[in-house]
2 protein chains.
Amino acid sequence: MAYPQLLLSNQLCFRFYALERELMAAYRPLLTHLGLTYSQYITMLYLWEHEEGTVGELCTALSLDTGTMSPLLKRLETSGMIERHRLPSDERTVMVQLTEKGRELEQKAVSVPDHIASCLLSDDKSEQGRRYQVLKEMLDETLSQLKKSRNEREQGRQ
Amino acid sequence: MAYPQLLLSNQLCFRFYALERELMAAYRPLLTHLGLTYSQYITMLYLWEHEEGTVGELCTALSLDTGTMSPLLKRLETSGMIERHRLPSDERTVMVQLTEKGRELEQKAVSVPDHIASCLLSDDKSEQGRRYQVLKEMLDETLSQLKKSRNEREQGRQ
DNA sequence: CCTAATTAAGTTGGATACAATATAACTGAA
DNA sequence: TTCAGTTATATTGTATCCAACTTAATTAGG
């Protein structure tokens, strides 16, 4: 091969790409049991934490586009987990709120993180907690660096 | 909040999810310039490395389903990057090969990894290489652990 | 030799993602 | 006051993803 930087096995990014899908595969059976997809699940995580939020706040918190969020919320509403109401003070803004059914789902979701953790951690549990923490920090750093690069890129285009 | 394990900010998985999409956003303008999406790009990476491969080999190498791969290859064929031929020795198997146009695209792709690296690394370049290596290893470990868990899960179901 | 099981790709259907566009509501400057 | 610009959300179009199913070809057991 003429270009070692083009080898799949050398690529950090392919690891992220593959890992993300493998993670989703780990979540899928657990979340299917709750009647959720992963993006619906993190939307519910936000709502369990904040009780309510506008579409814009959800988009910002989950780094998702309205083109993803709007139909997703429509499906969550159809399945009875949330309600949507336009604010009387500003009819453009849509407030998303948990229904009783949506609130109750939290109980069934409590075991999900532990189950996922057991898929992520090796049988040898020693040192795992610390590695977990180090990995978290590296991901945060990488993510903020990527966002910084994107901002600079988008500034440059204007 | 009653359940700290359900806080978005505590979740390792949400970091992976967000990071993967931020990475794709970094690739998008570069790859659009080549007329590729990310999954088409890694398909080309495989082919630049191996010159050819069956649909099954590509699915295995990229951890993708035929339901993703078949239409993707159809689009790469339409855009003139690859050709597909069924093997005379086994008419079920489809061999994917680079066209001349597909081969030539490699030259234009050479700069992509460096560009992405510059988005990933902070301005302070000291120690970055080592951290990069540590991160790679942690991702590999995590990925193989996830695959192991999935195998055990699928074994258990049979 | 023949059919049942297996294998390799392709297709279909549902749900993301995101760019680009549309729509409706709000804001502000002349 | 009015309308040009902005803002918040929704919609449309293209491309993934994956589960489930289909089709065609090969293999293997009787």
Side-chain angles (χ1 to χ4, degrees), chain A residues 17-29 31-32 34-43 53-60 62-79 81-82 84-96 150 154 157, chain B residues 14 17-29 31-43 53-60 62-79 81-82 84-96 150 154 157:
Chain A
Y17 173 73
L19 210 157
E20 192 266 347
R21 281 177 302 121
E22 195 67 36
L23 250 188
M24 293 304 118
Y27 270 106
R28 204 163 294 121
L31 296 184
T32 299
L34 304 184
L36 298 175
T37 63
Y38 183 75
S39 33
Q40 290 170 7
Y41 170 66
I42 58 175
T43 302
T54 67
V55 173
E57 286 166 351
L58 281 164
C59 286
T60 302
L62 309 180
S63 311
L64 285 169
D65 189 273
T66 60
T68 304
M69 202 39 121
S70 284
L72 188 158
L73 292 173
K74 191 186 285 181
R75 282 184 280 270
L76 279 180
E77 190 173 42
T78 302
S79 62
M81 300 300 174
I82 63 164
R84 290 188 291 176
H85 303 287
R86 287 190 180 270
L87 289 187
S89 59
D90 184 344
E91 289 283 339
R92 292 170 305 176
T93 304
V94 171
M95 184 61 75
V96 179
R150 167 141 77 144
E154 282 170 1
R157 274 201 295 99
Chain B
F14 179 66
Y17 173 71
L19 210 157
E20 191 266 347
R21 281 177 304 122
E22 196 65 36
L23 251 187
M24 293 303 118
Y27 270 106
R28 204 164 296 120
L31 297 183
T32 300
H33 187 252
L34 304 183
L36 298 174
T37 63
Y38 183 75
S39 34
Q40 291 170 6
Y41 170 66
I42 58 174
T43 302
T54 67
V55 173
E57 285 165 351
L58 281 164
C59 285
T60 302
L62 309 181
S63 310
L64 285 170
D65 189 273
T66 60
T68 305
M69 207 38 147
S70 285
L72 187 157
L73 292 172
K74 190 186 285 182
R75 282 184 281 269
L76 278 179
E77 190 172 42
T78 302
S79 62
M81 299 299 175
I82 63 164
R84 291 187 290 175
H85 304 287
R86 288 190 181 269
L87 288 187
S89 58
D90 184 344
E91 289 283 338
R92 292 171 304 177
T93 305
V94 170
M95 184 61 75
V96 179
R150 168 140 79 144
E154 283 170 0
R157 274 202 296 97

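These numbers come from the heavy atoms of this one structure, side chains and all, not from hydrogens, waters or symmetry mates. A, B, ... follow the sequence lines: proteins, then strands. Residue 1 opens every chain.
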**Prompt:** Between Y27(B) and Y41(B), how do the two ring planes meet: parallel, tilted or perpendicular, split at 30° and 60°?
**Reply:** tilted
Atom-to-atom span, [atom1] of [X] to [atom2] of [N] - whole angstrom:
{"X": "M95(A)", "N": "dA8(D)", "atom1": "CE", "atom2": "P", "value": "13 Å"}
{"X": "L72(A)", "N": "dA10(D)", "atom1": "CG", "atom2": "C1'", "value": "14 Å"}
{"X": "L62(B)", "N": "dT16(D)", "atom1": "CG", "atom2": "P", "value": "12 Å"}

**DNA chain D-proximal residues of residues 32-42 of chain B, any heavy atom under 4.0 Å** = T37(B), S39(B), Q40(B)
**Item:** Single hit among L76(B), T54(B), L73(B) for side-chain contact (heavy atoms from CB on, under 4.5 Å) with R84(B)
**Value:** L73(B)
Can you list the residues that meet the side-chain hydrogen bond (donor to acceptor under 3.5 Å, both in side chains) rule with [X], with sequence neighbours excluded?
{"X": "E57(A)", "value": "none"}
{"X": "E91(B)", "value": "none"}
{"X": "Q40(A)", "value": "none"}

**Message:** Base, sugar-phosphate or nothing for T93(A)? Non-hydrogen atoms, less than 4.0 Å.
**Reply:** sugar-phosphate
**Pairwise 5' ranking along DNA chain D for T54(A) and R28(A), keeping only the more 5' one** = T54(A)
Please write out each protein N/O paired with an N/O of nucleotides 20-28 of chain D under 3.5 Å, distance rounded to 0.1 Å.
residue, atom, partner, partner atom, Å
dT26(D), OP1, E91(B), N, 3.1

**Message:** Taking 4.0 Å as the cut-off, does a side-chain nitrogen or oxygen of R21(A) come that near to OP1 or OP2 on dC18(D)?
**Reply:** yes
**Request:** With a 4.0 angstrom cut-off to heavy atoms of chain A, pull out the first and last contacting nucleotide of DNA chain C, in 5'-to-3' order.
**Result:** dA15(C) to dC26(C)
**Request:** Return yes if some donor-acceptor pair links the side-chain N/O of S70(B) with the main-chain N/O of G67(B) below 3.5 Å, else return no.
**Result:** no
**Request:** Start with the C-alpha gap between I82(B) and T43(B), add the side-chain angles, then the distance that decides, and say whether side-chain contact (heavy atoms from CB on, under 4.5 Å) holds.
**Result:** CA-CA 10 Å; I82(B) 63 164; T43(B) 302; over 6 Å; no
